[in-house]
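A short worksheet on the structure shown next.
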Amino acid sequence: MLQSVKKVEIIVSYLEVPAVLKILKKNLVQGYTVINNVSGSGEHGYSGDDLITNSYIMIICTELAMAEQLSNALQPLLKKLGGIFIVTDAQWIAH
């Protein structure tokens, strides 16, 4: 059976991953996926295959309140150091 969830996607420099994970732990997030060495292009041009690579972090929140809590907790870090924080509606198979 499918369950509606919020998918949180965070893209930051790999140097910032420990700080993001610390915030996730402080906010009691237990499940997440980290994919290192991602590349892409945005308003600042191409990013990847250089000295500073990006990491992609995905979190599934079963409640909107948790996604909002994470947004508030990560906003100061993202404002200071840059990065992307996206929340989308998704569905997953409840298990």
Side-chain angles (χ1 to χ4, degrees):
M1 171 171 225
L2 292 174
Q3 177 183 359
S4 293
V5 296
K6 298 294 181 186
K7 179 170 74 167
V8 176
E9 299 172 85
I10 305 165
I11 301 173
V12 293
S13 162
Y14 80 96
L15 298 171
E16 309 313 326
V17 170
V20 172
L21 297 182
K22 184 176 180 180
I23 291 170
L24 297 183
K25 183 176 182 177
K26 184 177 179 181
N27 284 272
L28 305 177
V29 174
Q30 296 178 355
Y32 55 83
T33 299
V34 178
I35 302 171
N36 293 309
N37 300 321
V38 297
S39 61
S41 182
E43 66 182 41
H44 298 293
Y46 180 78
S47 176
D49 296 334
D50 57 13
L51 295 176
I52 299 188
T53 59
N54 289 324
S55 293
Y56 169 88
I57 303 168
M58 183 181 71
I59 305 157
I60 300 299
C61 299
T62 56
E63 302 290 332
L64 174 60
M66 177 55 79
E68 290 172 343
Q69 180 179 327
L70 289 175
S71 172
N72 292 332
L74 286 163
Q75 187 174 12
L77 178 79
L78 296 173
K79 270 188 153 180
K80 181 179 178 183
L81 302 171
I84 298 171
F85 185 96
I86 302 168
V87 178
T88 55
D89 292 324
Q91 292 188 325
W92 77 342
I93 297 174
H95 55 284

Hey, mind stepping through Glu9 and Thr88 against side chain to side chain contact (heavy atoms under 4.5 Å, CB included) and telling me if it holds?
-> CA-CA 8 Å; Glu9 299 172 85; Thr88 55; 4.1 Å; yes
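- Closest of all the heavy-atom pairs between Val12 and Gly82 is CG1-O, 4.2 Å.
- Residues Gln3 and Thr62 meet the side-chain proximity criterion, which asks for heavy atoms closer than 4.5 Å.
- Within the model, atoms NZ of Lys7 and CH2 of Trp92 stand 13.0 Å from one another, a figure rounded to the nearest 0.5 Å.
- Interatomic distance, CG of Leu78 versus OG of Ser71, reported as 8.5 Å (0.5 Å rounding).
- Side-chain contact between Val20 and Leu77 is present, with heavy atoms from C-beta onward closer than 4.5 Å.
- Met66 and Val8 end up in the same hydrophobic cluster when Ile, Leu, Val, Met, Phe, Trp and Tyr side chains are linked at under 4.5 Å.
- When side chains are defined from C-beta on, Lys79 counts as touching Gln75, because their heavy atoms get closer than 4.5 Å.
- The distance from the CD atom of Gln69 to the CD atom of Glu63 is 11.5 Å, given to the nearest 0.5 Å.
- One hydrophobic cluster holds both Ile23 and Val29 under the rule that ILVMFWY side chains link at heavy-atom gaps under 4.5 Å.
- Here the side chains of Thr33 and Ile57 are not in contact, with every heavy-atom distance at 4.5 Å or above.
- In this structure, the separation between CD1 on Ile59 and OH on Tyr32 is 9.0 Å, given to the nearest 0.5 Å.
- For the atom pair CG of Leu24 and CG of Leu74, the computed distance is 6.0 Å after rounding to the nearest 0.5 Å.
- For Ile86, the CD1 atom counts as densely surrounded, since its 6.0 Å shell holds more than 12 non-hydrogen atoms of other residues, nucleotides or ligands.
- Clustering ILVMFWY residues whenever any of their side-chain heavy atoms sit less than 4.5 angstrom apart, transitively, puts Leu21 in the very cluster that holds Phe85.
- In the hydrophobic clustering of this structure, Val5 does not group with Met58; members are Ile, Leu, Val, Met, Phe, Trp, Tyr whose side-chain heavy atoms approach within less than 4.5 Å, directly or through other members.
- Here the closest heavy-atom approach between residue Cys61 and residue Ala67 is recorded as SG-N, 3.9 Å.
- The distance from atom CD1 of Ile10 to atom CG of Leu70, rounded to the nearest 0.5 Å, is 6.5 Å.
- Evaluation of the salt bridge (Lys or Arg N to Asp or Glu O under 4.0 Å) test over residues 82-95, restricted to residues two or more places apart or in two chains, returns Lys6-Asp89.
- Taking both residues in full, the closest heavy atoms of Asn27 and Ala73 are given as ND2-CB, 3.5 Å, listed atom of the first, atom of the second, then distance.
- Tyr56 and Ile84 end up in the same hydrophobic cluster when Ile, Leu, Val, Met, Phe, Trp and Tyr side chains are linked at under 4.5 Å.
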